[in-house]
Amino acid sequence: MKTPAPFEYERATSVDGAIATLQRLGPDARIIAGGHSLLPMMKLRLAQPKHLIDINDLEELSYIRQENGEIRIGALTRHVDLLKSDLLAEHLPVFRDAEEVIADPVVRNRGTIGGSLCQADAAEDLSAVCSAVKAKAVIRGANGERMVSMEDFHVGPYMTAVGDGELLTEIQIPLRAGGSSAHEKVERRAGDWAIAAASAAVWIEDGAIADVGIALSAVGLTTIHLTRAEELLRGKGPTSELFAQAGEIASEDCSPTADGRGPVDYKRHLAGVLTTRALSRARARALNQEA
């Protein structure tokens with residue numbers, strides 16, 4: 001087994017202290033929380049940070065709460081807490097859907113939402129979830145905080161809008177009446193990376209789709225935000241026929257590559273089917289019709 005390259009380790013005692021250390025050490029420093037994404041890459045020498053800053057003591061970044069018409073999730077919140085949160089299950093059930101099929105209990109007990117999003121792996125579930133529910137990321141640096149949408153947060157494969165000397169601290173998700181959400185995933189075995197996955201959120205007013213969010217995992221170089229399918233759905237009735245059309249667009253607008261998980265045509269097919277299923281399930285929940 002390969003081992004990581006040598007690195008220096010420091011344990012942060014405050015958010016401001018972690019940011020100051022990041023600024024002092026520069027781009028050779030990396031944040032570590034759960035470590036389930038970073039450490040395997042370090043063992044393979046795909047990532048070779050010279051400094052690791054451990055933020056596991058920063059409990060002020062671990063929370064799920066409703067505030068000012070939003071759900072706010074601290075970046076250090078563990079997968080298991082997202083899975084067990086009754087607040088999320090009530091307002092944003094897409095999180096529980098996703099967490100039930102993410103990895104295994106060992107990973108869920110230690111891995112964090114911030115680590116998942118900052119890894120920016122195209123096959124990672126929570127990036128699609130956050131994109132679908134129109135979440136915004138709060139990024140803090142020495143000069144204060146800034147907020148970016150999920151579309152702007154992921155700038156490329158394994159690349160985010162978090163700059164040198166900055167730290168992702170919170171995810172904010174607006175709450176709106178008449179909405180619900182769902183996540184659908186196909187994997188080779190329980191807890192595996194997705195072959196394809198789809199997250200969807202719909203907001204229904206007066207029998208029509210007032211707004212919608214759809215995102216795909218594992219079928220492109222980054223999380224895919226299906227803007228063309230969303231434009232098709234807005235302002236129209238939430239019919240199964242319309243959702244099937246959105247699924248066809250999903251198959252067309254994704255860009256999978258062939259690998260050990262399947263050929264391109266199979267992944268495109270899955271993207272379409274899962275998009276249709278996620279939309280249908282989100283609609284049933286929004287209308288209180290889920291079986």
Side-chain angles (χ1 to χ4, degrees), residues 14-16 18-19 22 31 33-34 55 58-99 102 111-120 124-155 159-163 165-183 199-203 210-215 217 222-223 225-227 230 282 285-286:
S14 70
V15 173
D16 289 340
I19 292 171
L22 284 169
I31 292 292
I55 63 169
L58 307 186
E59 289 301 319
E60 65 265 39
L61 295 182
S62 178
Y63 55 84
I64 304 168
R65 59 180 178 242
Q66 184 175 349
E67 184 177 321
N68 297 327
E70 297 176 322
I71 297 293
R72 298 187 176 184
I73 304 173
L76 197 61
T77 304
R78 311 287 176 180
H79 291 295
V80 67
D81 296 319
L82 298 171
L83 174 64
K84 293 181 178 180
S85 170
D86 291 333
L87 182 64
L88 287 179
E90 177 184 357
H91 294 288
L92 299 163
V94 65
F95 276 94
R96 181 166 290 180
D97 290 345
E99 290 295 347
I102 288 177
T112 65
I113 185 172
S116 293
L117 297 181
C118 287
Q119 180 69 5
E124 190 273 318
D125 295 83
L126 291 186
S127 293
V129 167
C130 288
S131 181
V133 298
K134 305 186 184 300
K136 293 184 178 180
V138 179
I139 300 171
R140 189 189 302 182
N143 297 322
E145 292 181 344
R146 59 191 179 95
M147 190 177 299
V148 300
S149 67
M150 291 309 301
E151 286 70 37
D152 295 327
F153 182 79
H154 291 107
V155 300
M159 298 172 61
T160 74
V162 181
E166 292 186 319
L167 183 67
L168 173 66
T169 58
E170 185 178 74
I171 303 300
Q172 297 182 358
I173 306 164
L175 290 178
R176 296 168 54 183
S180 197
S181 53
H183 182 76
S199 296
V202 296
W203 292 268
D211 203 0
V212 58
I214 315 169
S217 297
T222 62
T223 299
H225 180 203
L226 293 175
T227 55
E230 292 175 1
R285 288 171 169 171

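Bear in mind that the values here come from a model prediction, so they are computed numbers and not experimental data.
- Scanning all heavy atoms of the two residues, the minimum distance from S14 to L58 falls at N-CD2, 3.3 Å.
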| Would R285 and D97 satisfy salt bridge (charged side-chain N to carboxylate O under 4.0 Å, His left out), going step by step from the backbone distance to the final call? | CA-CA 13 Å; R285 288 171 169 171; D97 290 345; 2.7 Å; yes

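- Taking all atoms of both residues into account, the shortest heavy-atom contact from L168 to G114 is CD2-CA, 3.8 Å.
- Across all their heavy atoms, A33 and L76 have their closest contact at CB-CD1, 3.6 Å.
- The main-chain N or O of V212 is found under 3.5 Å from a side-chain atom of K134 such that the two form a donor-acceptor pair.
- Between the CD1 atom of I173 and the CD atom of E70 there is a distance of 9.0 Å, given to the nearest 0.5 Å.
- A side-chain donor-acceptor contact under 3.5 Å links S217 to the backbone of E124.
- The distance from the CD1 atom of I64 to the CZ atom of R72 is 14.5 Å, given to the nearest 0.5 Å.
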Show the atom names and distances, to 0.1 Å, of all donor-acceptor pairs under 3.5 Å that link a side chain in residues 80-91 to residues at least two apart or in another chain.
from, atom 1, to, atom 2, distance (Å)
S85, OG, L87, N, 3.4
S85, OG, L88, N, 3.1

| field | Verdict with supporting geometry, H154 and S131, side chain to side chain donor-acceptor pair (under 3.5 Å) | value | CA-CA 10 Å; H154 291 107; S131 181; over 6 Å; no

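- Counting all heavy atoms, side chain and backbone alike, A201 lies closest to A132 at CB-O, 3.6 Å.
- With contacts defined as side-chain heavy-atom distances shorter than 4.5 Å, the pair M150/L117 qualifies.
- In this structure, the separation between CD1 on I73 and OG1 on T112 is 12.0 Å, given to the nearest 0.5 Å.
- E170 has its side chain out of reach of E145: every pair of non-hydrogen atoms, C-beta onward, lies at least 4.5 Å apart.
- Across A177 and W203, no two heavy atoms sit closer than the pair O-CD1, 3.9 Å.
- Judged by distance alone, the side chain of T77 and the main-chain N or O of Y63 form a donor-acceptor pair under 3.5 Å.
- Inter-residue side-chain proximity for M159 and T222 is flagged as unmet; no heavy-atom pair is nearer than 4.5 Å.
- A pairwise comparison of heavy atoms in A286 and G179 identifies CB-C, 4.0 Å as the closest pair.
- A 4.5 Å side-chain heavy-atom check between S116 and S127 finds every atom pair outside the cut-off.
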| request: Apply the test side chain to side chain contact (heavy atoms under 4.5 Å, CB included) to residues I71 and V133: give CA-CA distance (whole Å), side-chain angles for both, the deciding distance (0.1 Å), then the verdict. | output: CA-CA 11 Å; I71 297 293; V133 298; over 6 Å; no

| task | Walk me through it: do L61 and L167 pass the test side chain to side chain contact (heavy atoms under 4.5 Å, CB included)? | result | CA-CA 11 Å; L61 295 182; L167 183 67; 4.3 Å; yes

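- Once rounded to the nearest 0.5 Å, the distance linking CD1 of I139 with NZ of K136 reads 12.5 Å.
- Within the 4.5 Å cutoff, side-chain heavy atoms of C130 are placed close to those of F95.
- Rounded to the nearest 0.5 angstrom, M147 CE and R140 CZ are separated by 12.0 Å.
- The CD atom of E166 sits 10.0 Å away from the OG1 atom of T169 when rounded to the nearest 0.5 Å.
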| Audit row: D211, R176, side chain to side chain contact (heavy atoms under 4.5 Å, CB included) steps and yes/no | CA-CA 10 Å; D211 203 0; R176 296 168 54 183; 2.9 Å; yes

